[in-house]
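Sequence lines set the chain letters: A, B, ... in the order given, protein chains first and strands last, and positions in each chain run from 1.
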There are 2 protein chains.
Amino acid sequence: MSNPTVQAEHAKQNIKLAVDNCIFTVKDGKLFILLIKMKSKLQGMWALPGGLIKDTETIGAAAQRILKQETGLSDNYLEQLYTFSQPNRDPFARVISTAYFALIPDANIELKPSPKYDDVRWYPVKKLPELAYDHNHIVKYAKQRLEWKISYTNAAWSLLPEKFTLTELQKVYEAILNKKLDKRNFRKKIDKVGLLKETKQTKLEGAHRPAKLYEFSSKKKKIVEII
Amino acid sequence: MSNPTVQAEHAKQNIKLAVDNCIFTVKDGKLFILLIKMKSKLQGMWALPGGLIKDTETIGAAAQRILKQETGLSDNYLEQLYTFSQPNRDPFARVISTAYFALIPDANIELKPSPKYDDVRWYPVKKLPELAYDHNHIVKYAKQRLEWKISYTNAAWSLLPEKFTLTELQKVYEAILNKKLDKRNFRKKIDKVGLLKETKQTKLEGAHRPAKLYEFSSKKKKIVEII
DNA sequence: TTAGTATGTGTATATAAGACACTAACATAA
DNA sequence: TTATGTTAGTGTCTTATATACACATACTAA
């Protein structure tokens, strides 16, 4: 708070602060988001995993905590998205929520439905159910940001395992941008960006020429203008 | 809030929610930001104008309210920037602040120091004083966003008056990107983007050929890739 | 040995970016 | 009235980037 004269109003403010996570992954060439099924209140509705901020943690730490709670993962791509504050977004209380978005690699993660929820599932973003609160709106926003991120930064790396083929990488782009890309032009660009290095391994999967496996030479966030 | 099971924790949360505005303008080829001088607490320090959110307003409305309070302006470019939540960012209370950034046209606005502050001033962003709280950090973030915005969207329009010359437009870009641009290439791009229309007026200012005045054919926010 | 399938590669064309210098139209002063 | 100073306004050539497009390769399975 930057304005000391309003400190007196502190006592009056009655707003809660929460975080909601948009956790994305790409699987079989399709983009998925992690949803939970609510128990009490709005029971049975699907929603983004989230929760209140603790008094001593940053919002980012809260997002991280919830991500770990639901997926067991830490050290992932996690980025603040936007803070949603419509007064009526939560019918039970005035709750302002900062949305985060996370990218996790092709998730063979077993989702252990925490006791807090009735269910936890990966949903294809193309056919989402009606979600609780303003969560459909949040997801829409997150999808746009994801599209941008993957086009202009190296964020796609976070959606892939340690080693992967160029076709797998291309499928990640196609799933998120929702369109086919030309194989040769795609590889030219990836090559020019120069963040990949060839490994000596190949991946043989099906009755055809085996594919070379690549890995990232660095995982630092970078702005790269890929597509 | 998306998680009903934590509703019980509501009573425990003790966090205040504020907004801080980064209000930019360009004047005489230089980029300025609006700062206020604080009265009580951290007295004498300069800071971003801000304040607590009201229980019934969105954060955006709060930002709008504060912008109007300080500049008298409404209907300006105003956009959410980021939510800052370091637990120790305010030494007096746990306050989480959502920063907004605003662009206003060459400000012949008279700044009426509201009774809440000791002073209100435009500061050149190149030489800012030490600011209260984490506001230097916020401003740094805002500057980056501004640079991006002006390069990839038509946001620059918001920094100019109704009618303006191409040289004035170029100066806005140069001030924000902090580098000289080539006049002919700049005009070629602006022309290609196609958002300007010529007026029949000219502007004569000094002993030289008068400049044509232009105006925007639309002020809707657009992504345009200008520079 | 053949058929089927995904991998891997190059070139030519179109579009965009960047570097660069002179004439035009005004005010002012001699 | 003429000369000087000042910013406005314009075009071309070169280089880099983007896009469109087709065939040989290396494996499995029948």
B/S/- contact track for nucleotides 10-18 of chain D, protein heavy atom under 4.0 Å: BBB-----S
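Distance A:R209 CZ to D:dA24 P: 13 Å, rounded to the nearest Å. Following rounding to the nearest Å, B:K203 (NZ) and D:dG9 (P) show an atom-to-atom distance of 12 Å.
Applying the salt bridge (Lys or Arg N to Asp or Glu O under 4.0 Å) test to A:K192 and every residue at least two apart in sequence or in another chain returns nothing. With sequence neighbours excluded, the residues forming a side-chain contact (heavy atoms from CB on, under 4.5 Å) with A:A102 are A:I23, A:L67, A:L78, listed by chain and number. Partners of B:E162 by salt bridge (Lys or Arg N to Asp or Glu O under 4.0 Å), not counting sequence neighbours, listed by chain and number: B:K219. For B:F164, the ring-ring contact (aromatic ring centres under 6.0 Å, His included) partners at least two apart in sequence or on another chain are B:F216. Scored by the ring-ring contact (aromatic ring centres under 6.0 Å, His included) test, A:H137 finds A:F84 as partners (sequence neighbours excluded). With sequence neighbours left out, A:K188 forms a salt bridge (Lys or Arg N to Asp or Glu O under 4.0 Å) with no residue at all. Applying the salt bridge (Lys or Arg N to Asp or Glu O under 4.0 Å) rule to B:K149 yields the partners B:E79; only residues at least two apart in sequence or on another chain are considered. With sequence neighbours excluded, no residue forms a ring-ring contact (aromatic ring centres under 6.0 Å, His included) with B:F32.
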Check: protein-nucleotides 1-3 of chain D nitrogen or oxygen pairs below 3.5 Å:
none

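Within the 4.0 angstrom heavy-atom criterion, only backbone atoms of the sugar-phosphate kind lie near B:T167; the bases stay farther away.
For DNA chain C, the span of nucleotides reached by chain A at under 4.0 Å from its heavy atoms goes, 5' to 3', from C:dG4 to C:dT11.
Take the nearest nucleotide of DNA chain C for B:L204 and for A:A207: the residue whose nucleotide is more 5' is A:A207.
A salt bridge does not link B:K30 with B:D28: none of the charged nitrogens is closer than 4.0 Å to a carboxylate oxygen.
Residue pairs satisfying the salt bridge (charged side-chain N to carboxylate O under 4.0 Å, His left out) criterion with at least one member in residues 57-66 of chain A, sequence neighbours excluded, are listed as follows: A:E57-A:R65.
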